[in-house]
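The analysis underlying the following values was restricted to heavy atoms, covering all of them including side chains, and did not include hydrogens, waters or symmetry mates. For clarity, every value in this text was computed on a predicted model and none was experimentally measured.
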Amino acid sequence: MSLPKTLAEDVARNLVMVARLIDEDPEQAYAYSRIALRLASRVAAVREAAGFAAYATQKYAEALAEFRASRRMTGSVDLWPVMADCERGLGRPERAMAMAGEPEVQKLDKAGQVEMRLVTAGARRDMGQIDAAIVTLQSPELASSAVHSWTPRLRYAYADALLEAGREDEAREWFTKAMEADKDGATDASDRLAELDGVEFVDALGEDDDEHDSVAPAAADVPDAQDYDEDEDDVDVDVDVDVDDDHNDDDVDGPAKA
């Protein structure tokens, strides 16, 4: 609402493409997020989308900077868990642990608190504290028979931690529970169970059969912020990504563990 109509529509189109592509083609989603960011860097939703696109491509320092910018604009704590996971991605699990003890965690809704618990357990595992990670995941939410959006991932993380600790029978039980709750295929719990049973799956499709075409945004087709009427109010031109000095570390390869 803070943007002129034509600019708002162009920004919205790019955000839609970010949402459509972020799971199947993170790099292209990231490219679209950069266009939206260049056009409207002072819109919190744009900074948040840019953060998730950077996070999906393992650009954790950049993602953290965008999430911090969005949080400053909105005052919301909703991004606190993913910010902590960015710290893990940067190889700083101790910072993620410190964030788990901040007052912001108490302001999160139930889903956010479960997400923070998952990040904390992951940080414990990063630090080689597998038993502590298992204890961290043991909670009323884990014991509950009710199924929520986060239930499959919580059960899966618990099963995976048990397996790492050598507790295979218990891990099998919790992978089964994760699979039963996972109606949307959010985890590969069924594959992990099959692996424990010694079952091996073979992909019958060739690589060429599984390819899909997607068109990346062409630079020539991208509207420039300067193309809009300079007399219109609230048109953002510059991208002012606020990266703190201590977040200029090199990105760590590999996704942060849930």
Problem - side chain to side chain contact (heavy atoms under 4.5 Å, CB included) evaluation trace for Leu118 with Leu137 - result: CA-CA 7 Å; Leu118 287 167; Leu137 293 168; 3.9 Å; yes
Exercise for the section: Give the intermediate values and the outcome of side-chain hydrogen bond (donor to acceptor under 3.5 Å, both in side chains) for residues Asp188 and Tyr156. Expected result: CA-CA 9 Å; Asp188 63 347; Tyr156 182 94; 2.5 Å; yes
Handout entry: Pair Asp78-Phe67, side chain to side chain contact (heavy atoms under 4.5 Å, CB included): steps then yes or no
Key = CA-CA 10 Å; Asp78 292 348; Phe67 291 142; over 6 Å; no
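Taking the side chain as every heavy atom from C-beta outward, Glu66 and Glu48 never approach each other to under 4.5 Å. Side-chain contact between Pro93 and Glu87 is absent, with no heavy atoms from C-beta onward closer than 4.5 Å. Residues Gln138 and Val135 form a side-chain contact, since some pair of their non-hydrogen atoms from C-beta on lies under 4.5 Å apart. Between Val43 and Val11 the shortest side-chain heavy-atom distance does not fall below 4.5 Å. Arg124 places a side-chain heavy atom less than 4.5 Å from the side chain of Met97. The side-chain heavy atoms of Thr120 and Met99, taken from C-beta on, include no pair separated by under 4.5 Å. Using a 4.5 Å cut-off on side-chain heavy atoms (C-beta onward), Trp80 and Arg71 make contact.
For the residue pair Cys86 and Tyr55, the shortest heavy atom distance occurs at SG-CD1, 3.7 Å. The shortest non-hydrogen separation linking Thr151 to Ala146 is OG1-O, 3.7 Å. Closest approach of Ala133 and Ala121 over heavy atoms only: CB-O, 3.5 Å. Pro152 and Ala181 make their closest contact through CG-O, 3.5 Å (heavy atoms, listed as atom of the first residue, atom of the second, distance). Across every non-hydrogen atom of Ala84 and Met116, the tightest pair is CB-CE, 3.6 Å. Minimum heavy-atom separation, Ser190 to Met179: CB-SD, 3.5 Å.
Taken together through direct or relayed side-chain contacts under 4.5 Å among Ile, Leu, Val, Met, Phe, Trp and Tyr, Leu64 and Leu108 form part of one hydrophobic cluster. Under a hydrophobic clustering in which Ile, Leu, Val, Met, Phe, Trp and Tyr are joined whenever their side-chain heavy atoms come within less than 4.5 Å, directly or via other members, Leu162 and Phe175 fall into different clusters. When the side chains of ILVMFWY residues are joined at heavy-atom separations under 4.5 Å, either directly or via intervening members, Tyr30 and Ile22 end up in two distinct hydrophobic clusters.
Using a 4.0 Å cut-off between charged side-chain N and carboxylate O, Arg172 and Asp197 make a salt bridge. For the pair Arg34 and Glu62, the salt-bridge criterion is met [side-chain N within less than 4.0 Å of a carboxylate O]. Look at Glu115 and Arg153 and you find a salt bridge, because one of the NZ, NE, NH1 or NH2 atoms lies within 4.0 Å of a carboxylate O, short of that distance. A salt bridge links Glu170 to Arg167: at least one charged side-chain nitrogen sits closer than 4.0 Å to a carboxylate oxygen.
Using a distance-only test at 3.5 Å, with no hydrogens or angles considered, no donor-acceptor pair links the side chain of Lys59 to the main chain of Ala56. At least one donor-acceptor pair under 3.5 Å links the side chain of Arg47 to the backbone N or O of Ser41. Formation of a donor-acceptor pair under 3.5 Å by the Thr136 side chain with backbone atoms of Ala132 is found in this model. Checked by atom type and distance alone, the side chain of Thr57 pairs as donor or acceptor with a backbone atom of Ala54 at under 3.5 Å. Listed for the Asp85 side chain is no donor-acceptor partner under 3.5 Å among the backbone atoms of Pro81. With hydrogens and angles disregarded, a donor-acceptor distance shorter than 3.5 Å links the side chain of Thr74 to the backbone of Ser70.
Using cut-offs of 30° and 60° on the angle between ring planes, the pair Trp150 and His148 is parallel.
With values rounded to the nearest 0.5 angstrom, Asp25 atom CG is found 9.5 Å from Met17 atom CE. Note that CG of Asp10 is 10.5 Å distant from CG of Leu3, once rounded to the nearest 0.5 Å. A distance of 4.0 Å separates CD of Glu164 from CD1 of Ile130, quoted to the nearest 0.5 Å. With rounding to the nearest 0.5 angstrom, the CD1 atom of Ile35 is 12.5 Å from the CZ atom of Arg13.
Only one option out of Asp160, Leu163, Leu142 pairs with Trp174 in a side chain to side chain contact (heavy atoms under 4.5 Å, CB included); it is Leu142. For the pairing with Glu141, the side-chain hydrogen bond (donor to acceptor under 3.5 Å, both in side chains) check across Arg155, Lys110, Gln113 returns one residue only, Lys110.
No donor-acceptor contact under 3.5 angstrom links the side chains of Arg20 and Tyr32, judged on distance only.
By the neighbour-count criterion of 12 heavy atoms within 6.0 Å, atom CG of Asp184 is sparsely surrounded, having that number or fewer from other residues, nucleotides or ligands.
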